[in-house]
Each structure stands twice: as C-alpha cells, then as structure tokens.
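Data block below; observations after.
In each ligand, atom 1 is the first atom listed, and ligand 1 is the first ligand listed.
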Amino acid sequence: MSELHNKSVADLAAMLKNKEVSAVEVATRFLARMGGNPHNAFLDIHSEVTLAQAQASDDKIAAGTAGPLEGVPIAHKDIFVTQDFATTAGSKILQDYRSPFDATVVTRLRDAGMVTLGKLNCDEFAMGSANENSAYGAVTNPWDITRIPGGSSGGSAAAVAARLTPAATGTDTGGSIRQPAAFCGITGIKPTYGRASRYGMVAFASSLDQAGPMARSAEDCALLLSAMCGPDLDRDSTSLNVAKEDFSLGLMQPLQGVRVGIPSEFFGEGLASDVRSTIDTALKQLQAQGAKLVPIALPRTELSIPVYYIIAPAEASSNLSRFDGVKFGHRAKEFSDLADMYERTRSEAFGDEVKRRIMIGAYVLSHGYYDAYYLQAQKIRRMIADDFQQAFSQCDVIAGPVAPTTAWKLGDKSDDPLANYLADIFTLPASLAGLPGMSLPVGFGENGMPVGMQLIGNYLQEARLLNVAHQYQLHTDHHTQAPGGAA
Ligand code: GLN
C-alpha cells in the first residue's frame with residue numbers, strides 16, 4: 001500500500017473498481033501527503049469535504065453505480081470556481097471568495113466520480129510563466145526547490161510531480177498547462193479552443209482560455225480529458241458543438257507512417273542546447289517507432305509574442321473590470337466616494353503584473369491606438385492560424401520544444417516581465433490559433449531539470465496527440481520518474 005500515491009489515474013480507477021482499495025483510503029493517503037503543504041502547491045484544503053466525497057464514491061462503488069473515474073482524487077487550479085472550496089484565482093482581490101456554483105469542468109469530473117483534494121496555487125488570474133505572480137507566494141519545483149515550477153498552473157504541475165495528487169486541472173491561455181508540465185516533468189494537454197467549457201473559469205483572455213488535464217502520462221490525460229470535454233452550449237457561448245469523445249480509444253495505434261512536422265523556427269538560436277539535444281533524441285525515438293519527420297515552416301512564430309501580449313491584456317482589461325469592490329471579493333475599507341472606492345480597491349488588491357496588463361490592455365484598446373495595435377494584432381493572429389493550416393497540409397502533428405530552457409531559478413526573472421514573455425514563444429502560436437497542444441516529458445537538461453516536448457495538432461485532433469504521446473511513453477520511462485524523495 002505504500003505505493004498508492006505512485007499509482008496512475010488508470011491504475012487507481014481499476015483498483016477502486018475491483019475494491020482492492022477504498023476511495024476513503026486513497027483520499028486519506030493523499031491528504032496525508034498534502035500535510036504541511038509541500039511546495040506551497042495548495043491554496044485551500046478541506047479534508048472533511050474530500051473525505052465525504054470519497055465516502056460517497058465508496059457508496060456508489062458498493063451500489064454498482066460508479067462513474068468511470070470513481071474515487072480517483074484530483075485537485076483543481078484555483079481558476080475554477082468551486083462551492084466547497086474558496087476560489088481566489090491567486091489574487092488578493094478574491095481572498096476567501098466562495099462561489100455559489102461549480103465550474104462545468106469541476107462538475108463533469110465529479111460526475112465521472114473524481115474526489116476533490118483541494119485548490120491549487122497559480123499566478124494571479126493565470127498571468128505568468130513562473131507562478132511567482134501568485135498573491136499567496138511562489139510554488140517551488142519538486143525537482144529542485146530553488147527553481148520555479150513554471151506557470152501559470154504551477155501548483156497543478158508541482159502537485160502532480162510531487163505525488164500530492166494523481167491528477168490536476170490546469171488552464172492554458174498562452175501555455176499555462178504545457179509549460180509547467182514541461183518544467184515539472186509531467187504530461188498535460190490543452191484541447192482545441194471550445195472543447196472544454198469555460199463556464200466557471202475565472203476569465204483572463206476569453207478568446208484564448210482553455211481548460212485541460214495535467215497528470216503523469218498521456219493515458220491518464222486521455223481519461224481525464226474524456227470526462228472534461230463536451231458541449232456546454234447554454235453556458236459558454238464559445239463551447240463547440242462537438243459530441244463527447246473517448247480519447248482513450250485511439251491510444252494504441254502504431255506510429256507507422258505518422259508525419260511529424262518539425263518547424264525550423266522552433267529550433268533557432270534562442271533554444272538552449274541541452275533542450276535541443278533532448279528533443280532531438282525524442283524525435284529520433286519517434287522515428288524509430290515508424291514516424292516520418294517532415295520539415296515545415298511557421299514563419300510568424302516570433303510575432304506571436306507581440307500579438308499575444310496585445311490581445312491577452314486587451315481582453316484581460318475588459319474581463320477584470322468586474323472586480324470593482326461592489327459585486328464580490330475585496331473592498332477598500334476607507335474611501336470618499338464611489339470612484340475612490342473603485343480605485344482604492346483595485347490599487348490595493350491587484351498585483352503588479354495584473355495592473356501592468358490592465359494598463360497595456362486599456363491602452364491598446366483606446367481610441368487612436370485601437371487600429372494601430374489591437375486590430376493589427378488580430379490580423380496577424382489570423383495569419384498565424386493560416387500558417388498552421390499550411391503546415392498541416394504536409395504533416396499530421398507538429399513537434400518541438402515547449403520552452404527555450406528548463407525551469408529557471410526562483411527570482412531570476414521576477415523583476416523582468418519581458419524576459420518572462422519571451423520564454424512563451426513556443427506555446428503562444430497554438431494558443432493564438434486555438435489548436436490543441438500538449439507537453440510530455442522527454443528527458444532532462446544539463447541542470448537535471450525535466451525537458452518537455454510539445455505536440456501540436458490540427459483542430460479536434462487531441463486523440464492523435466495523445467496517441468503519439470502514449471506510443472512514445474510505451475517505449476520510454478521519462479514519465480515514470482519521480483523527483484528525489486517523492487516516491
Ligand atoms: N505565460 C503566459 C502569460 O503570462 C500564459 C499564461 C497562461 O497561459 N495562462 O500570459
């Protein structure tokens with residue numbers, strides 16, 4: 001039983017179903033591991049809620065009415081609103097906020113039988129690449145606690161890597177599932193924009209935000225994604241009307257003849273040599289399994305940085321106007337009139353990065369600058385999406401690095417927003433195009449930190465990505481490695 005926390009989602013689901021272990025036992029094991037809040041990964045824990053959910057799962061298993069993932073624990077990024085746990089979005093402005101409803105993704109995973117362990121730390125409003133923008137403190141990387149876990153879903157990635165939970169939800173606006181998954185040596189997938197409902201996800205940039213699972217393997221991600229996705233047309237106007245899919249079904253297809261596109265722009269000067277050589281080895285492995293490597297071009301890759309950092313702040317400035325001290329969350333104690341109350345509330349409770357983005361967003365949307373910045377950015381966004389369509393006429397999936405380097409040291413880039421933005425170069429293009437993307441662990445860099453490989457698919461091709469990743473994982477063991485002391 002000592003290995004319970006090392007079990008995969010798939011194994012735990014099978015063990016629970018066969019009554020080899022109870023949901024209460026499993027939950028108790030993970031709650032014990034979460035004690036003392038290692039890595040500052042969790043923002044809210046209520047063991048009585050978790051144990052009550054686990055007991056309900058045990059009752060369902062006994063009654064023969066269990067869901068596919070009945071009794072398997074999961075923890076949610078604190079961007080998803082929850083009734084039974086506080087939702088802060090990593091911000092002081094929502095300190096102790098309790099939502100009157102659950103996000104659709106949370107409800108769907110509960111319906112599949114999953115037991116909630118708690119809420120996970122993240123960058124404030126999911127703005128960041130290092131989890132250093134959380135109002136509740138940084139998260140440390142379980143592979144080296146002097147380093148960042150990546151962001152914005154840093155708590156999710158650290159918790160899965162440290163075996164505090166077998167699985168977590170994340171959200172990805174410009175890379176926030178893929179990059180922390182890469183930095184913490186786990187697997188994560190961002191589905192096609194619109195696949196997972198945004199209902200109950202605290203909005204950052206609505207045209208980019210997407211939910212997805214983070215776990216140790218592609219097989220586990222397939223199980224989780226199958227439960228999370230599906231139309232939610234009444235509640236999310238951008239939800240795709242595409243039937244639910246069982247992403248586990250295609251995992252066993254051999255890689256023979258699969259065309260893997262290699263964008264030259266992802267392997268340029270900015271890519272650290274240890275990341276490059278680790279990715280090269282992984283690509284050779286895919287080749288050895290029958291895949292064909294095809295050179296492709298994504299010529300506007302570099303432009304994705306200015307385009308994203310115009311569009312995302314523009315949408316954020318509009319979305320975050322709801323935090324005014326009136327409707328929910330923090331309100332300044334002293335103020336002279338209504339305008340003063342707004343100003344003091346927002347000045348006190350938003351962090352620096354959030355303020356920076358609200359200001360940039362308001363600027364690029366303002367009269368006189370709208371055409372010069374926002375409209376231009378939208379036009380280039382369309383071209384970036386077109387470039388991908390051109391590429392997908394030559395290949396089935398695209399492969400490359402997730403980030404130019406491995407996880408950097410805590411504090412290294414915390415005073416340099418631009419350095420953080422530049423590190424997003426390889427994840428932003430798929431986000432701007434609304435394409436599915438994933439990260440899987442493929443080895444370690446010179447400093448012993450995990451390296452992630454990114455796979456990008458055409459619209460609705462999640463099953464293909466998970467298939468390629470699973471086939472790779474059948475032949476390699478990077479996804480089974482645990483940071484020292486965690487196992
Ligand atoms: N690092 C990017 C940003 O800071 C992406 C964040 C995200 O995907 N939520 O905006």
Side-chain angles (χ1 to χ4, degrees), residues 76-80 89-91 105 120-134 138-139 148-157 168-183 188-191 193 196 198 201-214 304-317 319-320 350-361 364 377 381 402-405 407-408 412-414 416-439 452 454 456:
H76 295 297
K77 183 176 183 180
D78 206 17
I79 289 290
F80 296 92
S91 182
V105 160
L120 293 159
N121 204 344
C122 59
D123 283 304
E124 185 174 6
F125 291 104
M127 298 177 188
S129 312
N131 215 122
E132 290 178 306
N133 298 333
S134 167
V139 173
I148 56 121
S152 64
S153 313
S156 307
T169 51
T171 64
D172 190 311
T173 302
S176 281
I177 288 174
R178 290 162 284 162
Q179 184 256 28
F183 283 6
I189 180 163
K190 171 197 100 77
Y193 180 79
R198 289 187 297 110
M201 258 168 64
V202 178
F204 163 14
S206 306
S207 77
L208 295 151
D209 298 343
Q210 243 330 264
M214 302 171 77
S304 67
I305 298 174
V307 167
Y308 173 88
Y309 280 99
I310 288 170
I311 291 174
E315 295 187 21
S317 74
N319 272 325
L320 269 54
F350 281 142
D352 287 350
E353 183 60 26
V354 172
K355 287 178 186 164
R356 184 176 297 121
R357 298 204 190 191
I358 291 172
M359 286 190 284
I360 294 172
V364 299
R381 179 179 189 177
V402 173
T405 64
W408 54 87
D412 256 12
K413 298 186 186 180
S414 51
D416 188 352
L418 208 58
N420 275 281
Y421 300 171
L422 292 173
D424 291 339
I425 182 163
F426 302 134
T427 49
L428 299 178
S431 295
L432 289 164
L435 293 166
M438 74 178 294
S439 171
Q454 183 174 209
I456 300 170

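Less than 6.0 angstrom separates the ring centroid of Tyr421 from the ring centroid of Tyr309.
Numbered from 1 in the order shown, with element, the atoms of ligand 1 that lie under 4.0 Å from a heavy atom of Ala126 read 6 (C), 7 (C), 9 (N). Those atoms of ligand 1 with a heavy atom of Gly174 less than 4.0 angstrom away are 5 (C), 7 (C), 8 (O).
The line from NZ of Lys77 to OG of Ser153 is 3.0 Å long, rounded to the nearest 0.5 Å.
At least one heavy atom of Gly128 sits closer than 4.0 Å to an atom of ligand 1. Under a 4.0 Å heavy-atom criterion, Arg357 is in contact with ligand 1.
Judged as a side chain to side chain contact (heavy atoms under 4.5 Å, CB included), and not counting sequence neighbours, the contacts of Ser134 are Asn121, Asn131, Tyr136.
At distances below 3.5 Å, not a single donor-acceptor pair connects side-chain atoms of Asp78 with backbone N or O atoms of Leu120. Not a single donor-acceptor pair under 3.5 Å links the side chain of Gln210 to the backbone N or O of Thr173. The backbone N or O of Lys190 sits nowhere less than 3.5 Å from a side-chain atom of Asp172 that would complete a donor-acceptor pair. Looking only at distances, a side-chain donor or acceptor of Asn420 sits under 3.5 Å from a matching main-chain atom of Lys413.
Remark: minimum distance from atom 3 (C) of ligand 1 to any protein heavy atom is reached at Tyr309 OH, 3.2 Å. Here the heavy atom of the protein found nearest to atom 5 (C) of ligand 1 is Tyr308 OH, 3.3 Å. The protein heavy-atom contact nearest to atom 2 (C) of ligand 1 is Asp424 OD2, 3.1 Å. When hydrogens are left out, the protein atom nearest atom 7 (C) of ligand 1 is Ser176 OG, 2.4 Å; that is the closest non-hydrogen contact.
Of the N or O atoms in Lys77, none lie within a sub-3.5 Å distance of an N or O in ligand 1. Taking distance alone, with nitrogen or oxygen atoms compared against 3.5 Å, Asp172 stays at or beyond that limit from ligand 1.
At a heavy-atom distance under 4.0 Å, only side-chain atoms of Ser152, from C-beta outward, approach ligand 1. Here Phe204 has side-chain heavy atoms under 4.0 Å from ligand 1, and that is the only part of it that gets that close.
For Arg178 and Ser431, the side-chain atoms include at least one donor-acceptor pair closer than 3.5 Å.
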